[in-house]
Amino acid sequence: MKPLIRPNILRMQPYPAGKPIEEVQRELGLTEVVKIASNENPLGPSPMAVEAMKRAVSGVNFYPDASGYLLKQKLASRFGVDVSQVMIGNGSDEIIGVIGLMFLEPGTEMLMGEPSFLRYGAAAVLGDSGLVRVPLDPQLRHDLPAMAKAVTDRTRLVFIANPNNPTGTIVSRQVLQSFVRDLPTGVTVVLDEAYHEYACQDPDYPDGLDLLREGLPVVVLRTFSKAYGLAGIRVGYGFASSEVVQSFNAARNPFDVNAVAQAGAMAALDDEAHLERTRSANKTGLARLMSGLTAMGYQPVPSHANFVCVDLHRDSAALYGELLKKGVIVRPGTQLGLPSYLRISVGTERETDLFLQALGEVCAQEVVA
Ligand SMILES: *Cc1c(COP(=O)(O)O)cnc(C)c1O
């Protein structure tokens, strides 16, 4: 007999994991492979975080602190909120899933931009709720006026990635403020600020914490995976009202942020110099990638994050395959809802140059053929 798995789960697809670098290298006989597909920090983690994690390893016979007490204290004082408003999880991915469990059930609806971060949709499927996707505006920003119109009395959650992934665009402070203030009661907005550390230098970029301080129904998500360079240890965090955080803590797995990860995250928060280096390297690297693409005649979407989304006017799955043969792994838009686009993370200078060179070669081949 077939296992009686819920039909909505049977319709789901697993996350489109990229191939490990070593595997690509072996299969294609390449000596150098660059992976600029998941918006990781090309400078690596903070050396202080690495040291702290090494020290923590010798204590792993003990369970981690289930509440993440010290990490939450540090986050609370850094960001000026009460510790009862702080949540941590096994990457913001886990927090997104638990928030979905908390608010969504059959008969309710979740609202998101299209295209936006893939895991939001999964939260709706897992919760057996309705999922309403509202297309981005022509500049590929969240179309908040259209999203406001799509709210119904069944709507429980609205997910907004700011900056958005995969487009790198932001919604401005004013537009976001009036959207959230005008929502009917009973709707919670999840502001996913995974790229906050890159975007926050733009004066137009709203800090979700300001909305939370105003008492508005928002959940603000951040992560150690991007600018902090700790994607491999899986720590995300967030801020919400203490009522939401209390239920979140009841629903989540108690030991989901492991002891090594807690130690690494705390040390990373203390290493402000590393964060500053990361920001400044990203600024230079982003300019290099943008101007390289522009010089080739493309119009990359202006980005507020550490990646660039660009329309190459061809099937991105095929292009992805051609670039892979040259040892460059990027994210094809076919996986992201933008079939003719690529999403390229800002890597080191060398990685960016290898990508631009490979793209140039692939496009030259096409012209000859
Ligand atoms: C990368 C990313 C995340 C996932 O972060 P983790 O903390 O690694 O789970 C969440 N949201 C967006 C928009 C992202 O791009």
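The structure presented is a predicted model; accordingly, all values stated were derived computationally and were not measured. Just follow the structure's listing: the first ligand is 1, and inside any ligand the first atom is 1.
At a heavy-atom distance under 4.0 Å, only side-chain atoms of Arg234, from C-beta outward, approach ligand 1.
For Phe79 and Phe239, the ring centers sit closer than 6.0 Å to each other.
In summary, the atoms of ligand 1 found under 4.0 Å from a heavy atom of Asn165, numbered by their order in the structure, are 13 (C), 14 (C), 15 (O). Taking every non-hydrogen atom of Ser92 and a distance limit under 4.0 Å, the qualifying atoms of ligand 1 come out as 3 (C), 4 (C), 5 (O), 6 (P), 7 (O), 9 (O), 10 (C). Within ligand 1, counting atoms from 1 as listed, the ones closer than 4.0 Å to a heavy atom of Gly91 are 6 (P), 7 (O), 9 (O).
Ion pairing between a basic and an acidic side chain is recognised when a charged N comes within 4.0 Å of a carboxylate O; Lys35 and Glu40 show such pairing. Salt bridge status for Arg314 with Glu322: absent, with no side-chain N to carboxylate O gap under 4.0 Å. Electrostatic pairing of Asp210 and Arg213 counts as a salt bridge here, judged by a charged N lying under 4.0 Å from a carboxylate O. Looking at Arg78 and Glu272, a side-chain N of the basic residue comes within less than 4.0 Å of a carboxylate O on the acidic one, giving a salt bridge.
Distances from ligand 1 to the non-hydrogen atoms of Asp192 include at least one value under 4.0 Å.
Looking at Asp93 next to ligand 1, an N or O pair under 3.5 Å apart turns up. Taking distance alone, with nitrogen or oxygen atoms compared against 3.5 Å, Asn90 stays at or beyond that limit from ligand 1.
Val180 pairs with exactly one of Val218, Leu191, Val187, Val158 by the side chain to side chain contact (heavy atoms under 4.5 Å, CB included) rule, that one being Val218.
The aromatic rings of Phe224 and Tyr228 lie tilted to each other, with the angle between the two planes from 30° to 60°.
The protein non-hydrogen atom at the shortest distance from atom 8 (O) of ligand 1 is Ser225 OG, 2.6 Å. Considering only non-hydrogen protein atoms, atom 14 (C) of ligand 1 sits nearest to Lys226 NZ, 3.1 Å. From the protein, the heavy atom lying nearest to atom 15 (O) of ligand 1 is Tyr195 OH, 2.6 Å.
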